[in-house]
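Below is one structure; the comments refer to it alone.
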Amino acid sequence: FHIPNPVQEPFISGALEVGQEPYALIAADGTSQEGIYVVGVPLESIHWGTQLGPLAHTNSRFLRDNDAVARAALNFGRTNIAALESAQRA
């Protein structure tokens, strides 16, 4: 992940670059890697100090992030399975 700096070269943080929620991985060429998602500690670069161990009755960011990734992964799988089945019938 590159952090822009207006007066010098961007700072290379060493963190993974991800898109908006559900945090699909961004490749070095800038393309979104649909079906590959990042959650937990690797997101520390965008969610600093986030509590990873969810606490009761807190609407934990960690659980919300994982719910979003689960929805995206299931939708990605459903879409790709449907396309594969359609191609096999053709």
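Note that the structure is predicted; figures quoted are calculated from it, not measured. Side-chain atoms are counted along with the backbone in the values below, which use heavy atoms only and exclude waters and symmetry mates.
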May I have the step-by-step check of side chain to side chain contact (heavy atoms under 4.5 Å, CB included) for Glu9 and Asn5, ending in yes or no?
CA-CA 6 Å; Glu9 293 294 315; Asn5 184 333; over 6 Å; no
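Among all heavy-atom pairs drawn from Pro10 and Pro4, the shortest one is CB-CA, 4.4 Å. Closest non-hydrogen pair, Val69 versus Val38, comes out as CG2-O, 4.5 Å. Annotation for Gln33 and Ala24: closest pair O-CB, 4.1 Å, computed over non-hydrogen atoms.
Summarising the geometry, atom CG belonging to Asn80 is positioned 11.0 Å from atom CD belonging to Glu85; distances are rounded to the nearest 0.5 Å. The structure places CG of Asn75 at 11.0 Å from CD of Glu34, a figure rounded to the nearest 0.5 Å.
Follow the hydrophobic side-chain contacts under 4.5 Å out from Ile26 and you never reach Ile36; the two are in separate clusters.
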